[in-house]
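Shown next, in structure tokens, is the structure this report addresses.
For the numbers below, each heavy atom of this structure counts, side chains included, while hydrogens, waters and symmetry mates do not. Atoms within each ligand, like the ligands themselves, are counted from 1 in listed order. Model, not experiment: these values are computed from the prediction.
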Amino acid sequence: MHFVYTVWMMVVGLWVANDASAKPDSWSEGQKAVGTSSMLTATEPFAVDIPTDVASLVTKPTAVYYFSPTCPHCQAVIGEIIELSVSFPDVQWVGVASAHSSPDMIEAFRQAYAVEFPIIHDAEGLFSQSVGARATPNVYVFSPVEMDSSDQVDTESQPTQEGFATVSLTDMYLPYARGYAGLFKLRNGDAANPFAHFQGYQGNRVCMSCHVEEGKSYLMTHHAQAYYTLYKVDKVDDPKCVSCHVVGMGEETGFQLGDHTSPLVGVGCESCHSASGGHDGEAVDAKESCVGCHDAEHSIHFSVEKGLPHIDHYMASGLTDEEIKARVEAIAEGTAEKPLLSFPKGETVGSERCLSCHENIHPKDPHRDSLHSLKRKERKDPACLECHSTPKEISTMVSKADHTVEHYWNKEGVGCESCHGAGGEHVANPSKENIVGLGDSCPVCVLESMCTSCHTPKWDPTWNLDERIKIYSQD
Ligand code: HEC
Ligand code: HEC
Ligand code: HEC
Ligand code: HEC
Ligand code: HEC
Ligand code: HEC
Ligand code: HEC
Ligand code: HEC
């Protein structure tokens, strides 16, 4: 699945981005971002010989955008690169088009994206050989060699080849992906004042480049795939849906509707930690962010205490790459557990009691007879009862694995409390506070998941929420 691949590459990308950085000795598993400055040194600068047509343009720190005009990823990032070239004058830009390109293609690319910086055609592939480029789009940052500096580059031992000149390679992105702009500014800006350029939303990639542990764990949460969820129900372009499934929609530097490759898709770091994660001096309490999205309509009986353990920033600690990948895939496939769907704990009382007050409710409810569909023997089989009956006590809706026949009411099909939660307290003292009323629930966000915990593809291959829900909407 393409999406899993993308998320997985972000996991790997964390390490790619960090391989290029000199990690301090003090870095250890499970620690917060220590040694900010070390993250700002992308690589120990080292000397490379590159073709003179490129080297002659390296008159100050210069970023080389190595690309192919027809490669979709190169097209996807050029907007961000142009923006960077304008907004961050500390570094100048040069394009180098790969050997595969033709002059016509390069010209078309320049015009289509209004590229103002010079583009050189690496017709012989000499540039790509000199830096060992294997793919596009890459970005390399060079500086002129400083012969007099103390960390002087040794150019004497190997005389420079004809047609080549020595420059110092100070930073690189292999490949460059959308969302690296903030990191680029951090690494190539004022080292004494690293967050000077943090204004507005940065995107997860930037945060994860320093907060590595938090990043890995984050990718194991449902939040990381919240935009993909909208793809699955074909709602990525619906403004009513997108706002809670992305970062900062409606704000100037936030997510823009329809920008499907944006680094701000999904519920990201800055959805909870605010733009720039407080590094712009405006920190917020992340625990207060939840209810902005997990409101009564979009989460059953949500509380911060219930949610926090499932977004633990260190849950990836000690896990192998394989284990992390399996979790990422399970979320994408929809097989990962959804702990928020669980009702509050409590004992059930059975539908008879409920009907004594709510006699006319859901008159066509097909669930009441669901025990009758089972044969005598099957009525003693917890593997059938878990979907055809109501548990005597509700702890969670999802993990039913340990149940025996004793856990279920033997006269009750799928009763009221399978959908509204345990009603012991409510029966004694009826109020809206002690029962899960579903009337306000967003059908796609909450009801679909609840219904499909039983209406699985195996038992209900033609499941369709809009069709099935009708019975409940009637009065
Ligand atoms: C250049 C490295 C770097 C980047 C990039 C970065 N951070 Fe940080 N962040 C740090 C450091 C260092 C600290 C201080 C850690 C500490 O106190 O132990 C910190 C602290 C924090 C804290 C506060 C932790 C606390 O204990 O109060 C939060 C929240 C945070 N960062 C979120 C973010 C978010 C969100 C982003 C992306 C927009 C981000 N950071 C980007 C280095 C970075
Ligand atoms: C920007 C909106 C937003 C914010 C803020 C937010 N969430 Fe979520 N959350 C979502 C969305 C959307 C999903 C569903 C993701 C999916 O599966 O596609 C979700 C899913 C979850 C899930 C997993 C779903 C499940 O059924 O178990 C947990 C747990 C969770 N959120 C906890 C929290 C907590 C705790 C906070 C605050 C610290 C929080 N969320 C803040 C939007 C948000
Ligand atoms: C107010 C914020 C908000 C809005 C608006 C919103 N959602 Fe959600 N959505 C959430 C939250 C929070 C969850 C997680 C619910 C939970 O597990 O408790 C969620 C979960 C989902 C899920 C289930 C994910 C899963 O894996 O179980 C789907 C599907 C979904 N939303 C689609 C939509 C669609 C379609 C719309 C537009 C009609 C929409 N959302 C509008 C906040 C929102
Ligand atoms: C769903 C909301 C949510 C998301 C998404 C989220 N965080 Fe957090 N984060 C929190 C909460 C809640 C805390 C705990 C705050 C507290 O205890 O006061 C926290 C704590 C932190 C801290 C400080 C303590 C620690 O354990 O490290 C850092 C740093 C941090 N988050 C960075 C990040 C980064 C980086 C990302 C994205 C990769 C991210 N967070 C995504 C909610 C979130
Ligand atoms: C003694 C009478 C009585 C019994 C028994 C009873 N209810 Fe209620 N129920 C009420 C009343 C009254 C309300 C309206 C409360 C309000 O509006 O404040 C209500 C409201 C509800 C609501 C709507 C909550 C909302 O948010 O709108 C649901 C759902 C519900 N009951 C389900 C049940 C279930 C399930 C049972 C059985 C476990 C049950 N009721 C048993 C009297 C009862
Ligand atoms: C606890 C498991 C469970 C849950 C939760 C559940 N169902 Fe069912 N549902 C069943 C079973 C079992 C049957 C088969 C009943 C029978 O034996 O005749 C069924 C049958 C149905 C039927 C009639 C048969 C059909 O396919 O048309 C409809 C409609 C239906 N359910 C809708 C829903 C909706 C809507 C939801 C969510 C609001 C939901 N169900 C939640 C278990 C469940
Ligand atoms: C994961 C939930 C689940 C489990 C477990 C489950 N069922 Fe069902 N079953 C359903 C649902 C949902 C339906 C309704 C399908 C529909 O009508 O679309 C159903 C329908 C049926 C029907 C057809 C009812 C009718 O009138 O059409 C029979 C018979 C049945 N189940 C028997 C069993 C037996 C026997 C077992 C145990 C071996 C079992 N089920 C386990 C969810 C489940
Ligand atoms: C299969 C799941 C399911 C079962 C079983 C079920 N309900 Fe409901 N109930 C719903 C849904 C979904 C709604 C919201 C319908 C709507 O307004 O769109 C609802 C709404 C309600 C309401 C109105 C809430 C409001 O805000 O107006 C009451 C009261 C209620 N149910 C009581 C019961 C009782 C009593 C039973 C058992 C006899 C029962 N329900 C069985 C799914 C279920």
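Under the ring pair (Phe, Tyr, Trp, His ring centres under 6.0 Å) criterion, the residue pairs touching residues 412-458 are His455-Trp463, with sequence neighbours excluded.
Closest heavy-atom approach to atom 33 (C) of ligand 4 within the set His273, Arg205, Glu213: this belongs to His273. With atom 1 (C) of ligand 4 as the reference point, the heavy atom nearest to it among Cys272, Gly277, Gly278, Cys290 is part of Cys272. Comparing heavy-atom distances from atom 18 (O) of ligand 4 across Lys287, Met208, His222, Glu214 singles out Lys287 as nearest. Of the candidates Arg468, Lys364, Lys470, it is Arg468 that places a heavy atom closest to atom 25 (C) of ligand 6. Nearest to atom 38 (C) of ligand 4 by heavy atom, out of Gly268, Gly307, Cys269, Ala224, is Cys269.
The atoms of ligand 4 that sit less than 4.0 Å from any heavy atom of Cys207 are 35 (C). Listed by number with element, the atoms of ligand 4 under 4.0 Å from a non-hydrogen atom of Ala286 are 10 (C), 11 (C), 12 (C), 42 (C).
Residue contact annotation: Leu308 has a non-hydrogen atom under 4.0 Å from ligand 4.
Contact annotation for Cys354 and ligand 5: heavy atoms of both the backbone and the side chain come within less than 4.0 Å of the ligand. Only the side chain of His358 comes within 4.0 Å of ligand 5, judged by heavy-atom distances. Neither the backbone nor the side chain of Thr348 comes within contact range of ligand 5; no heavy atom lies under 4.0 Å. Neither the backbone nor the side chain of His372 has a heavy atom within less than 4.0 Å of ligand 6. At a heavy-atom distance under 4.0 Å, only side-chain atoms of Ile471, from C-beta outward, approach ligand 6.
Classified by interplanar angle (parallel below 30°, tilted 30° to 60°, perpendicular above 60°), the ring pair Tyr65/Phe67 is parallel.
In terms of polar-atom proximity, His367 is counted as a contact of ligand 6, with an N or O under 3.5 Å from an N or O of the ligand. Remark: ligand 6 and Asp369 share no N or O pair separated by less than 3.5 Å (distance only, no angle test). Annotation: Glu417 places no N or O atom under 3.5 Å from an N or O atom of ligand 5; distance criterion only. At least one N/O-N/O distance between His455 and ligand 6 falls below 3.5 Å.
Note on Cys357: not counted as a metal contact of atom 8 (Fe) of ligand 5, no N/O/S atom lying under 2.8 Å.
Considering only heavy atoms from C-beta on, Lys380 stays 4.5 Å or farther from Lys377 through its side chain.
Here the protein heavy atom with the shortest distance to atom 26 (O) of ligand 5 is Gly437 CA, 3.5 Å.
One N or O on the side chain of Glu270 and one on the backbone of Gln202 form a donor-acceptor pair closer than 3.5 Å. Judged purely by atom type and a 3.5 angstrom limit, Arg379 uses its side chain to pair as donor or acceptor with the backbone of Leu371.
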